[in-house]
Amino acid sequence: MPNILQRVYVNRGVRSADELDLSARGLLHYNQLTDCEKAAERIGQALLANESICICGDFDADGATSVALFMAFFRKINHTKAFYLVPNRFSDGYGLSPTLAEYAHAQGANLLITVDNGISSHAGVTRANELGMQVIVTDHHLPSAELPAAFAVVNPNRHDCAFASKQLAGVGVAFYVLLALRAWFKREQPEHSVAQLNIAEYLDLVALGTVADVVPLDYNNRILVRQGLARIREGVCRPGIAALLKVAGRDTTKITASDLGFAVGPRINAAGRLDDIQQGIECLLAQDFPQAQILALRLDELNQQRRKIESGMQEEAQACLARLNVDQGALPPILCVYDEQFHQGVIGIVAGRLKEQYYRPVMVFAEGDEGELKGSCRSVAGIHIRDLLEQVASEHPQVINKFGGHAMAAGLSIPKEQWLAFNDAVQRVAERWVDADTLARVLWSDGELTAAEFALDVASALQNAGPWGQGFPQPVFDGRFRILQERWLKDVHLKLVVQPEGSSQSFDAIAFNVPRANWQWQSPASAHLVFKLDVNEFRGQRNVQLLIEHVAT
C-alpha cells in the first residue's frame, strides 16, 4: 500500500488491515439488531398467509430506496398483496399519521411496515392498532423516551439495541430485515422462494440510500456502499439507477459514492421536494431501461426546477440576513430565517448552503398548513441539533409543535404566531450550548504531498480506496503553490495552472462554483491551497488535476 494511503486511513481512525476488508462477510449479523428477527417472523407469517402488506415510506431518497427495496422483494416472490403509501410533504406531513393508517386500512392492509420513519409516529401506530393492523417500525432516527406501541421496532438507535453500527440509514435497516427474513424461511420453509433469494441484489438500492442520506460511513456502512457500487459498476443494478446515472452524464462502470450523492440522490429527492416521491420510487422499480429512462428524464426536469427555486431562495435568505443588520463577526450562534415566499420543499437544502457559508447551525422556515411554519435545520460538528430542539421544547413547550431528527439535521413545526418567541428561545438555549470554539471553522488536511506523490497512480489509488463520504471523508491535502496561469470559466469556475513550491512540475487546478463577483482574489504570485488530488479524463487522456477546496494567500 502506498505510504500516502496508510496515512489517509490512519487519519480516519483505521487501525487494522481487517477494517479495509470490505467484503460482505464483514457485515454485522442481523441477530444483533433488536426486534429484527421478531419482525422477520411476522412478515414471514404474513407472506405464508397471503396477508395484505402496506409499506409506509418517507419522501426522500432514503425513504424511496427503502420502499423500493421492499416492493422489489415482494414483486420478486410474486406476493401481489403488497402496496406502498408515502405521505405528501405538503399536505400530509412526515411519517405514519393516523390519517395514513386509516387509508392503509381502507386499502385492506393487515400488516403495516414503516421504512425510514415511524419511531416518532406514536399516534399513527396507536390508530393502526385500533383498526386491527399490526405495525412493524423500521427506522434509524433517534427515538424519544418511549417507543411507539408497535408489534416490533427495528432501530439501531433504540436504547436497548446492542447493534454496533448506530449509523445505518433507513434502507440499511430494511436490508437487515430482509436478511433476517431469508434466514427465517431457510429454517421454517426451506423450499420457499424467499429461502433461495440472493439478498445481495438489493445492495444497489442500499448503497444509494445510504450515501444520499449522508449517514456516517462507519465500517459496516462502507461495506454496504462498496458492495452496492461494485454491482452498479458491473451493470447488475436496477434500470432506474442506470437511467438516473445516464441522465446525469455519469459512466456506470466508473462511478464512485459521490456520484450517488451528487447525481442520483438529488434527482430522486427533487420528486419529494417539488411534487410526489412516487415518481422516484417508480423509477427505481422500473422493469426495463426504456421505462426507467422516461421517469429519469422527468426527475431530471424536477431537479432543474429545484435548482432554480433554491437559487432564488438563497438570494432571499441572504437578504433576510442583511435585514438583521449583523455582520459576520456579530452573527447569533444559530441562524433562524423565515420568509413567506420560501418553498417548503427546498428549505433543507438552503439551510445546508447557509450552514456552509456561515459555519453555524441554521434553521430555515416556510409556510405550512393551518397557521404553522415548517422548519428544516442543519448543524455543524459539536452541536447536536435534535437535542438542542428538545431542550427548547422542554423549557418553552409552547413554541414547538413537534420535532425530530439527528445530530446534524432535524425538522420541526412551530405555531406561526410563536415565530419571534421561538427564535428568542433558540438563542437563549444556544448561548449556553454553543461556544466560540465550536463555531471556529477548521479545515482538516491530510498534510502535504511530496513531489513524487503528485502522480497519476497515486490519484487513482486515492479515488479507488473509498468509498468516501460522511464521517470518512475524501482525502484533502494542502501546500504552497506558484500561480502560473489564471482564467475564469463562465465567471463561476476559477481555472489555474499551479506549480508546487520546490518542484518543476505544473498541474491544472480548478475551483468550482465560486462566482467571480464574490471571489476575493488579487491574482497573487503564490497561494496556499487546500485541495483534492483528482484524475481528469479528456479525449482519452488522463492527467492529475487539483480540485481546490480553499485558498489562502
Side-chain angles (χ1 to χ4, degrees), residues 1-8 11-12 248-251 253-259 261-263 307 311 353 356-357 359 441-469 473-553:
M1 181 185 295
N3 289 336
I4 184 64
L5 259 185
Q6 294 185 38
R7 190 169 91 208
V8 163
N11 288 347
R12 281 147 189 77
R250 301 302 202 272
D251 182 348
T253 65
K254 299 176 181 178
I255 70 155
T256 63
S258 65
D259 292 312
F262 293 106
R307 286 176 176 170
S311 177
R353 299 281 194 268
E356 292 300 322
Q357 181 177 348
Y359 201 74
R441 190 189 299 266
V442 177
L443 294 174
W444 292 97
S445 162
D446 287 290
E448 296 189 19
L449 295 176
T450 65
E453 288 170 336
F454 284 93
L456 196 58
D457 60 338
V458 174
S460 297
L462 291 170
Q463 267 192 346
N464 297 326
W468 311 111
Q474 187 174 352
V476 173
F477 307 98
D478 73 287
R480 195 83 193 172
F481 294 81
R482 292 179 60 206
I483 310 300
L484 303 182
Q485 294 179 29
E486 168 195 336
R487 64 191 175 98
W488 285 89
L489 306 179
K490 299 180 180 179
D491 275 348
V492 292
H493 310 306
L494 176 61
K495 186 75 179 288
L496 304 174
V497 176
V498 300
Q499 185 178 72
E501 284 192 350
S503 170
S504 60
Q505 294 177 290
S506 62
F507 305 95
D508 287 339
I510 188 165
F512 287 110
N513 299 312
V514 285
R516 189 171 188 173
N518 301 337
W519 185 261
Q520 302 299 315
W521 183 262
Q522 303 299 325
S523 299
S526 68
H528 195 115
L529 304 181
V530 179
F531 62 93
K532 295 174 181 174
L533 199 65
D534 189 47
V535 178
N536 183 37
E537 298 190 31
F538 184 68
R539 294 178 179 173
Q541 297 293 313
R542 302 177 80 242
N543 296 292
V544 170
Q545 174 180 254
L546 278 56
L547 301 182
I548 300 173
E549 299 284 304
H550 182 74
V551 176
T553 56

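Position 1 is the first residue of the sequence; numbering continues from there.
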> So how far is it from N536 CG to D508 CG, rounded to the nearest 0.5 Å?
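Reported to 0.5 Å precision, the distance equals 7.0 Å.
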
> Give, for atom CH2 of W444 and atom CZ of R12, the distance between the pair rounded to the nearest 0.5 Å.
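Reported to 0.5 Å precision, the distance equals 12.0 Å.
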
> Can you tell me how far apart CD (Q474) and CD (E549) are? Round to the nearest 0.5 Å.
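Going from the CD atom of Q474 to the CD atom of E549 covers 8.0 Å.
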
> Just by distance, no angles: are the side chains of E453 and N3 close enough, under 3.5 Å, to form a donor-acceptor pair?
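There is no such pair between these side chains.
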
> Below 4.5 Å, heavy atoms only, C-beta onward: do V551 and H528 meet side chain to side chain?
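No, their side chains stay 4.5 Å or more apart.
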
> Do the non-hydrogen side-chain atoms of L533 and V544 ever get within less than 4.5 Å of each other?
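Heavy-atom side-chain distance check passes, below 4.5 Å.
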
> Checking side chain to side chain contact (heavy atoms under 4.5 Å, CB included) for the pair L496/Q485: CA distance, chi angles, key distance, verdict?
CA-CA 5 Å; L496 304 174; Q485 294 179 29; over 6 Å; no

> Once you round to the nearest 0.5 Å, how far does CD of Q545 lie from NZ of K532?
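Reported to 0.5 Å precision, the distance equals 12.5 Å.
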
> So, do L494 and E486 sit near enough that their side-chain heavy atoms are less than 4.5 Å apart?
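Answer yes - side chains close enough.
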
> Answer with yes or no whether the side chains of D446 and N11 bring together a donor and an acceptor at under 3.5 Å.
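Result is yes, a qualifying pair exists.
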
> May I ask you to test the L456-R542 pair for a side-chain heavy-atom distance under 4.5 Å?
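When only atoms from C-beta onward are counted, R542 and L456 do touch, with a gap below 4.5 Å.
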
> Could you pull out all residues at least two apart from S526 that satisfy side-chain hydrogen bond (donor to acceptor under 3.5 Å, both in side chains)?
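In terms of side-chain hydrogen bond (donor to acceptor under 3.5 Å, both in side chains), with neighbours along the sequence ignored, S526 is linked to R480.
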
> Could you tell me if the side chain of P500 sits less than 4.5 Å from the side chain of F454, heavy atoms only?
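Yes; the side chains approach each other to less than 4.5 Å.
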
> Compare every heavy atom of L547 with every heavy atom of F512, then report the nearest pair and how far apart it is.
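F512 and L547 have their closest heavy atoms at CE1-CD2, 3.9 Å.
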
> Are side-chain heavy atoms of Q463 and D534 found at a separation under 4.5 Å?
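They are in contact (side-chain heavy atoms under 4.5 Å apart), so the answer is yes.
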
> Hey, does L529 have a side-chain heavy atom less than 4.5 Å from the side chain of F477?
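Of all side-chain heavy-atom pairs linking L529 with F477, none is under 4.5 Å.
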
> Going by side-chain hydrogen bond (donor to acceptor under 3.5 Å, both in side chains), name the residues that satisfy it together with R482, two or more places apart in sequence or in a different chain.
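Per chain and number, R482 pairs via side-chain hydrogen bond (donor to acceptor under 3.5 Å, both in side chains) with Q499.
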
> Tell me, with the steps shown, if L449 and I4 meet side chain to side chain contact (heavy atoms under 4.5 Å, CB included).
CA-CA 8 Å; L449 295 176; I4 184 64; 3.7 Å; yes

> Mind checking whether V498 and L546 have side chains closer than 4.5 Å, heavy atoms only?
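Yes, close enough: below the 4.5 Å cut-off.
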
> Are the aromatic rings of F507 and F481 close, with centres under 6.0 Å apart?
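No, they do not, as the ring centres are separated by 6.0 Å or more.
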
> Look at the side chain of W468 and the backbone N and O of L462, then say whether any donor-acceptor pair between them is shorter than 3.5 Å.
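Such a contact is found between W468 side chain and L462 backbone.
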
> Working to the nearest 0.5 Å, report the span between CG of D259 and CZ of R250.
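These two atoms lie 5.0 Å from each other.
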
